[in-house]
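Keep in mind that what you see is a predicted model, and the values were worked out from it rather than measured. In what follows, every heavy atom counts, from backbone to side chain, and hydrogens, waters and symmetry copies are set aside.
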Amino acid sequence: MSISDVEHCDVVHKHADVVLKVHREMPDDDELYDLAELFKVFGDSTRIRILFALFEEEMCVCDIAESLNMTQSAISHQLKILKQSKLVGNRREGKQIIYFLADDHVRTIIDQGINHIEE
């Protein structure tokens, strides 16, 4: 797609009220950077598969690896990234660590994403 394929206004007319509103509401650069980094985490299909598995059920690394037909090492690596991004949490149950979605926000993001692609 070239730049000429993108629709644009035929006349230049600035709507100062709209621009001012957007400027007032725009988060600062650090917050936007953090948001972009969060969405990068969602940009990996393995991490999405893990999140979807945890959307369905809390699981240990062994069960996630078995469900996704991957090694425990590969799953652990991705869980570390998901945990650092505050998308998953964990708790100890005896000798096992059980992983779960960190909060309802993560569940909502996944649910909304699925709904969007199924439209």
Side-chain angles (χ1 to χ4, degrees):
M1 179 186 294
S2 71
I3 191 85
S4 61
D5 294 333
V6 178
E7 293 183 26
H8 61 278
C9 298
D10 293 329
V11 64
V12 175
H13 175 79
K14 295 179 182 159
H15 301 88
D17 55 333
V18 173
V19 172
L20 183 59
K21 179 182 177 191
V22 169
H23 187 57
R24 270 195 316 260
E25 299 298 323
M26 184 73 66
D28 66 31
D29 288 345
D30 289 340
E31 196 170 0
L32 291 172
Y33 176 84
D34 290 345
L35 181 61
E37 290 300 307
L38 174 66
F39 282 112
K40 283 182 187 178
V41 173
F42 282 101
D44 179 90
S45 62
T46 298
R47 289 190 289 266
I48 289 293
R49 292 174 68 212
I50 293 168
L51 289 170
F52 187 80
L54 296 176
F55 182 89
E56 294 300 323
E57 191 71 42
E58 295 181 354
M59 304 170 85
C60 68
V61 174
C62 303
D63 290 341
I64 297 169
E66 181 70 23
S67 297
L68 302 182
N69 196 28
M70 296 178 67
T71 66
Q72 289 184 39
S73 176
I75 296 298
S76 293
H77 174 73
Q78 297 302 332
L79 283 169
K80 180 181 176 184
I81 294 168
L82 291 168
K83 191 172 178 193
Q84 288 172 337
S85 299
K86 300 177 186 170
L87 295 174
V88 301
N90 65 359
R91 70 176 179 281
R92 179 172 289 281
E93 287 187 5
K95 293 185 178 188
Q96 292 185 322
I97 304 295
I98 304 298
Y99 287 87
F100 51 87
L101 295 182
D103 57 37
D104 285 338
H105 296 116
V106 181
R107 185 170 293 282
T108 299
I109 292 167
I110 294 167
D111 193 42
Q112 291 294 315
I114 290 169
N115 288 335
H116 181 74
I117 62 170
E118 289 178 348
E119 286 182 343

* Structure fact -> On a heavy-atom basis, the closest approach of V41 and S85 is CG2-OG, 3.2 Å

* Are L68 and I97 in one and the same hydrophobic cluster, where Ile, Leu, Val, Met, Phe, Trp and Tyr link if side-chain heavy atoms are under 4.5 Å apart? -> yes

* In Å and rounded to the nearest 0.5 Å, what is the CD1 to CG distance from I109 to D104? -> 11.0 Å

* Asked: When clusters are formed by joining ILVMFWY residues with side-chain heavy atoms under 4.5 Å apart, either directly or through shared neighbours, do L82 and F42 land in the same one?
  -> yes

* To do: Check A102 against K86 and note the closest heavy-atom contact, atom names and distance.
  => CB-O, 3.3 Å

* Can you establish whether the number of heavy atoms outside N69 located under 6.0 Å from its atom CG is more than 12? => no

* Asked: Which of these passes side-chain contact (heavy atoms from CB on, under 4.5 Å) with I64: Q78, M59, Q72?
  -> M59

* Show your working on side chain to side chain contact (heavy atoms under 4.5 Å, CB included) between I81 and D44 and close with a plain yes or no. => CA-CA 11 Å; I81 294 168; D44 179 90; over 6 Å; no

* Asked: About how many Å separate CG of L54 and CG of L87, when rounded to the nearest 0.5 Å?
  -> 10.5 Å

* Rounded to the nearest 0.5 Å, how far does OG of S45 lie from CZ of R49? -> 7.0 Å

* Asked: Of all heavy-atom pairs between S76 and V61, which one has the smallest distance, and what is that distance?
  -> OG-CG1, 3.7 Å

* Mark yes or no for whether D28, through its side chain, and E31, through its backbone, hold a donor-acceptor pair below 3.5 Å. => yes

* CD1/I75 to SG/C60 distance, rounded to the nearest 0.5 angstrom? -> 11.0 Å

* Would you indicate whether N115, at its atom CG, is surrounded by more than 12 heavy atoms from other residues, nucleotides or ligands within a distance under 6.0 Å? => yes

* Asked: Linking I/L/V/M/F/W/Y whenever their side-chain heavy atoms sit closer than 4.5 Å, directly or via other members, would Y33 and M26 fall into one cluster?
  -> no

* According to a 4.5 Å side-chain heavy-atom criterion applied to Ile, Leu, Val, Met, Phe, Trp and Tyr, with indirect links allowed, do V88 and M70 form part of one hydrophobic cluster? -> yes

* **4.5 Å side-chain heavy-atom contact, V19 and K14** => no

* To do: Indicate the ring-plane relationship of F55 and F52, choosing parallel, tilted or perpendicular according to the 30° and 60° boundaries.
  => parallel

* Rounded distance (nearest 0.5 Å) linking atom CD of Q84 with atom CD of E37 -> 12.0 Å

* **Pairwise distance NE2(H15) to CG(L20) - rounded to 0.5 angstrom** => 14.0 Å

* So, D103 side chain and V106 main chain: donor-acceptor pair closer than 3.5 Å or not? -> yes

